[in-house]
Amino acid sequence: MSEASNTLSIPLYRLAHGRTGDKGNRSNISVIAWHPAFWELICEQVSEDAVRALFANRRPSQVKRYLLPQLQAMNLVLDDVLDGGVNDALNLDSHGKTLCYRVLQMPIRIPAENMPQLQPYLAGPADNE
């Protein structure tokens with residue numbers, strides 16, 4: 001964890017899990033909070049703009065985010081990121097199944113004063129805590 005101005009940075013996978021699907025040249029990535037306490041932080045920071053920037057090297061033509069607040073989940077739809085899709089792509093992951101892991105590596109900033117309440121719900125091993 002890094003600390004800057006009373007904010008801790010934690011990878012999204014500690015706060016959520018995800019799944020990926022594809023159809024043609026479109027990938028959809030779901031992000032599901034491990035606990036409702038993380039939902040607001042995830043919504044604030046896993047925005048369409050943040051995801052577009054994360055995948056800038058794949059040049060998505062559109063990034064759309066659909067929120068499912070009752071499930072504390074979101075679906076991210078990225079158009080034109082699979083090099084043409086399963087039948088046209090020469091890349092190693094033509095289905096885009098691993099794109100979810102890229103999203104789950106996103107750093108999420110958490111105010112340090114919120115950590116005592118959130119700490120019990122974080123998944124995975126602590127990184128230098």
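Only a predicted model underlies this, so the values are computations on that prediction, with no experimental measurement involved.
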Nearest 0.5 Å please: distance from the [atom1] atom of [X] over to the [atom2] atom of [Y].
X: Asn75; Y: Ile29; atom1: CG; atom2: CD1; result: 9.0 Å
X: Leu8; Y: Ile108; atom1: CG; atom2: CD1; result: 13.0 Å
X: Arg14; Y: Gln119; atom1: CZ; atom2: CD; result: 6.5 Å
X: Ile10; Y: Phe38; atom1: CD1; atom2: CZ; result: 8.0 Å

Item checked: Option passing side chain to side chain contact (heavy atoms under 4.5 Å, CB included) with Val31 (candidates Leu68, Val103, Leu15) ->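 Single side chain to side chain contact (heavy atoms under 4.5 Å, CB included) partner of Val31 among Leu68, Val103, Leu15: Val103.
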
With sequence neighbours excluded, residues passing side-chain contact (heavy atoms from CB on, under 4.5 Å) with [X]:
X: Ala50; answer: Ser47, Met106
X: Leu104; answer: Leu12, Tyr13, Cys100
X: Ile32; answer: His17, Ser30, Ala73

Next item on the list: Would you sort out whether Met115 and Leu122 count as a side-chain contact (heavy atoms from CB on, under 4.5 Å), showing the intermediate values?
Entry: CA-CA 10 Å; Met115 276 306 289; Leu122 290 173; 3.7 Å; yes

Check: Can any side-chain N or O of Gln72 pair as donor or acceptor with the backbone N or O of Pro69 at less than 3.5 Å?
Finding: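 Yes, the answer is positive, given that a donor and an acceptor are paired below the 3.5 Å cut-off.
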
Notebook entry, point to check: Can you list the other members of the hydrophobic cluster that holds Tyr101, where links are side-chain heavy atoms under 4.5 angstrom apart?
Noted result: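 None, because no other hydrophobic side chain comes under 4.5 Å of this residue.
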
Check: With ILVMFWY side chains joined below 4.5 Å, transitively, what does Val77's cluster contain besides itself?
Finding: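 So far as hydrophobic clustering goes, Val77 is joined with Tyr66.
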
Notebook entry, point to check: Does any non-hydrogen side-chain atom of Val51 lie less than 4.5 Å from one of Arg65?
Noted result: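 Side-chain contact under 4.5 Å: no.
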
Item checked: Heavy-atom side-chain contact between Val63 and Val81 under 4.5 Å ->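 Side-chain contact under 4.5 Å: no.
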
Next item on the list: Give every residue pair that meets the salt bridge (Lys or Arg N to Asp or Glu O under 4.0 Å) criterion with at least one member in residues 100-115, sequence neighbours excluded.
Entry: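 Found none.
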
Notebook entry, point to check: Does any pair with a residue in residues 40-56 pass salt bridge (Lys or Arg N to Asp or Glu O under 4.0 Å), and if so which ones, sequence neighbours excluded?
Noted result: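 Sorted result for residues 40-56: Asp49-Arg52.
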
Notebook entry, point to check: In chain order, what residues pass the side chain to side chain donor-acceptor pair (under 3.5 Å) check against Asn114, with sequence neighbours excluded?
Noted result: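 Partners of Asn114 under the side chain to side chain donor-acceptor pair (under 3.5 Å) test: none.
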
Notebook entry, point to check: Does the side-chain contact (heavy atoms from CB on, under 4.5 Å) test come out yes or no for Leu99 and Leu82, once each step is laid out?
Noted result: CA-CA 10 Å; Leu99 298 183; Leu82 298 178; 3.9 Å; yes

Item checked: side-chain contact (heavy atoms from CB on, under 4.5 Å) between Arg58 and Leu78, worked out -> CA-CA 10 Å; Arg58 287 186 165 267; Leu78 291 78; over 6 Å; no

Margin query: Same cluster or not: Leu67 versus Val46, using hydrophobic residues (I, L, V, M, F, W, Y) connected whenever any side-chain heavy atoms lie under 4.5 Å apart?
Written below: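 Leu67 clusters together with Val46.
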
Check: What residues, two or more places apart in sequence or in another chain, satisfy ring pair (Phe, Tyr, Trp, His ring centres under 6.0 Å) together with Trp39?
Finding: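 Counting only residues at least two positions away or on another chain, Trp39 forms no ring pair (Phe, Tyr, Trp, His ring centres under 6.0 Å).
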
